[in-house]
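Please read all numbers here as calculations on a predicted model, not as lab measurements. Every number for a ligand or one of its atoms is a count from 1 in the order of the listing.
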Amino acid sequence: MFLASLLPGSNRAGPVPILRRLAPGVYAAVGDTGRGSEGRPNAGFVVTDSGVVVIDAMASPRQAEQLVQAIRSVTPRPIKWLILTHHHPDHHFGAIVFRRLGAKVIAHPDRRVLASEGGEDALMANWVRVVGLDAMRGFEFADVPDRPVTGTDTLRLGGRSLVITHPGAAHSAGDLLIWLPRERVLFAGDVLIEDGVTMVVDGSSGSLLRTLATIDGLSPRRVVPGHGAIPARPAALVARTREYITGLRAAMRSAVEQGTPKGRAMASLPPADETRPVSLNSRRRRNAVRVYLEEERAYMGLDSVP
Ligand SMILES: [Zn+2]
């Protein structure tokens with residue numbers, strides 16, 4: 001989900017991801033159900049008459065190779081495109097594997113994330129601690145898009161259509177939603193995760209709420225979250241996410257209005273887990289800090305809540 005961040009040991013290359021067929025030719029590759037943000041990410045792929053479109057590249061070259069193995073269990077067709085839902089390392093650090101197979105990359109051009117603020121060397125050193133040196137063999141950055149998307153773009157390949165949209169900076173600056181209108185399947189990236197506690201520290205709560213409304217408007221039959229299980233009812237996961245973020249905004253707004261300092265406003269939340277930056281408690285606390293600052297800026301009239 002978010003680099004600097006992950007538990008050493010989480011995201012380690014596990015077995016070949018389990019495939020779930022969501023519609024004819026449309027598959028989710030499920031990372032680690034039950035471990036939420038701390039587990040391996042989800043990915044997916046669409047098999048068309050003219051080749052394969054992969055959605056997200058997982059957290060390391062080794063994990064990407066396992067994804068390729070899973071794809072090859074379904075089809076021998078060439079992999080033509082890799083679409084990235086965003087630029088957090090656990091979703092694109094396997095991208096080089098697909099490029100070497102000849103795929104072109106579709107992504108948002110804004111690759112900035114908090115995790116890379118310390119520079120790429122620090123990012124790499126941290127990430128090796130997360131996934132292990134072995135899993136990173138052959139790594140190269142490969143997330144600069146050949147086909148950048150900042151608005152909406154429709155990829156047509158072999159009789160399929162994939163609508164790729166930047167919904168705003170909800171989870172991160174480079175968020176993209178991938179929507180298959182005919183199959184009514186949505187790949188949501190980390191805008192949705194298993195437990196509804198989506199991180200907004202790289203994005204904003206306002207953009208997240210607008211993005212959730214966009215997803216509701218699509219009325220998807222199936223959604224693939226960035227981490228964890230595929231929900232039986234997509235609308236329920238969207239509602240749960242909205243409820244969480246709306247409640248957090250209300251709590252932080254009233255703290256700001258009552259002049260409660262940030263530290264005290266956090267007091268009702270359980271402490272963050274020191275070595276687990278994306279555990280549930282850590283995500284809740286980090287989001288609370290972010291949303292408090294959003295509400296404070298809005299209260300002071302510095303800007304409207306983004
Ligand atoms: Zn993420």
*Name whichever N, O or S atom of His88 ends up nearest to the Zn ion (ligand 1).*
ND1

*Tell me whether His86 has at least one N, O or S atom under 2.8 Å from the Zn ion (ligand 1).*
yes

*Among the N, O or S atoms that His171 has, which is closest to the Zn ion (ligand 1)?*
NE2

*Exceeds 12 heavy-atom contacts within 6.0 angstrom, atom CZ of Arg72*: yes

*What's the atom name of the N, O or S in Asp190 nearest to the Zn ion (ligand 1)?*
OD2

_Quick check against the 3.5 Å criterion: does Gln63 have a side-chain atom that pairs as donor or acceptor with the backbone of Ala59?_
yes

*Check whether more than 12 heavy atoms from other residues, nucleotides or ligands sit under 6.0 Å from atom CG of Leu293, and answer yes or no.*
yes

*Kindly state whether the ring of His227 and the ring of His91 have centres lying under 6.0 angstrom apart.*
yes

